[in-house]
**Q** 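Below you will find the structure I want to go over with you.
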Amino acid sequence: MSCGIDEYKRIKMIDDFFRAGNRVTIKDLSIILMVKRHDKEKGFSCGVSEKVLYKVLTAMKKELNVPLTKDCQNQYYYDL
């Protein structure tokens, strides 16, 4: 997984979100990241489509060994 500065920030934002104990579907996470995109304090544009999120989460899980799992309601969460 090549990781430019924007990709790193996106992964960091997703990782922080799940580490905070949040559980969401891919669709909800896409909406949340779209809202955060408009947050001027971050100085970072992070709108992510659902298709890209599937790829990012898969890469996080397989290549970075992030303990992400899905529950029976198809919600992703951080498995601590």
Side-chain angles (χ1 to χ4, degrees):
M1 172 181 201
S2 68
C3 198
I5 194 74
D6 283 344
E7 290 172 296
Y8 171 77
K9 287 180 181 178
R10 179 182 300 134
I11 290 170
K12 176 87 170 100
M13 188 179 288
I14 292 168
D15 187 56
D16 290 345
F17 181 80
F18 283 119
R19 280 182 184 263
N22 297 303
R23 298 177 112 173
V24 291
T25 63
I26 294 292
K27 183 175 184 168
D28 291 340
L29 183 58
S30 176
I31 292 167
I32 290 164
L33 293 177
M34 193 64 70
V35 170
K36 286 190 179 260
R37 176 179 139 189
H38 298 292
D39 185 0
K40 302 290 184 200
E41 293 176 18
K42 299 282 184 193
F44 170 60
S45 177
C46 186
V48 182
S49 71
E50 292 177 44
K51 184 177 180 180
V52 170
L53 272 176
Y54 277 111
K55 290 179 182 180
V56 170
L57 292 175
T58 299
M60 286 175 70
K61 189 172 182 177
K62 290 184 178 181
E63 296 177 30
L64 302 175
N65 297 316
V66 174
L68 290 174
T69 0
K70 280 201 289 188
D71 64 13
C72 61
Q73 295 158 341
N74 212 23
Q75 290 186 330
Y76 278 87
Y77 64 96
Y78 208 88
D79 189 18
L80 296 175

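The first residue of the sequence shown is numbered 1, and numbering continues consecutively from there. Values reported hereafter were calculated over all heavy atoms of this structure, with side chains retained and with hydrogens, waters and symmetry mates removed.
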**Q** What's the verdict on side chain to side chain contact (heavy atoms under 4.5 Å, CB included) for L57 and I26, showing C-alpha distance, side-chain angles and the deciding distance?
**A** CA-CA 9 Å; L57 292 175; I26 294 292; 3.1 Å; yes
**Q** Does K12 have any side-chain hydrogen bond (donor to acceptor under 3.5 Å, both in side chains) partners at least two apart in sequence or in another chain, and if so, which?
**A** D16
**Q** Using a 3.5 Å distance criterion without hydrogens, assess whether the side chain of T58 forms a donor-acceptor pair with backbone atoms of Y54.
**A** yes
**Q** Calculate, to the nearest 0.5 Å, the distance between atoms CG and CG belonging to D15 and L64 respectively.
**A** 9.0 Å
**Q** Within this structure, what is the CG-CG distance for the pair L53 and L29, rounded to the nearest 0.5 Å?
**A** 5.0 Å
**Q** Can you tell me how far apart OG (S49) and NZ (K55) are? Round to the nearest 0.5 Å.
**A** 8.0 Å
**Q** Within this structure, what is the CD1-CG distance for the pair I14 and L33, rounded to the nearest 0.5 Å?
**A** 5.5 Å
**Q** Supply the atom-to-atom distance D71 CG to R23 CZ, rounded to the nearest 0.5 angstrom.
**A** 4.5 Å
**Q** I need the I32 CD1 to F17 CZ distance, nearest 0.5 Å.
**A** 3.5 Å
**Q** Which residues pass the side-chain hydrogen bond (donor to acceptor under 3.5 Å, both in side chains) test with T25, not counting sequence neighbours?
**A** D28
**Q** side-chain hydrogen bond (donor to acceptor under 3.5 Å, both in side chains) with K27: which residues, sequence neighbours excluded?
**A** none
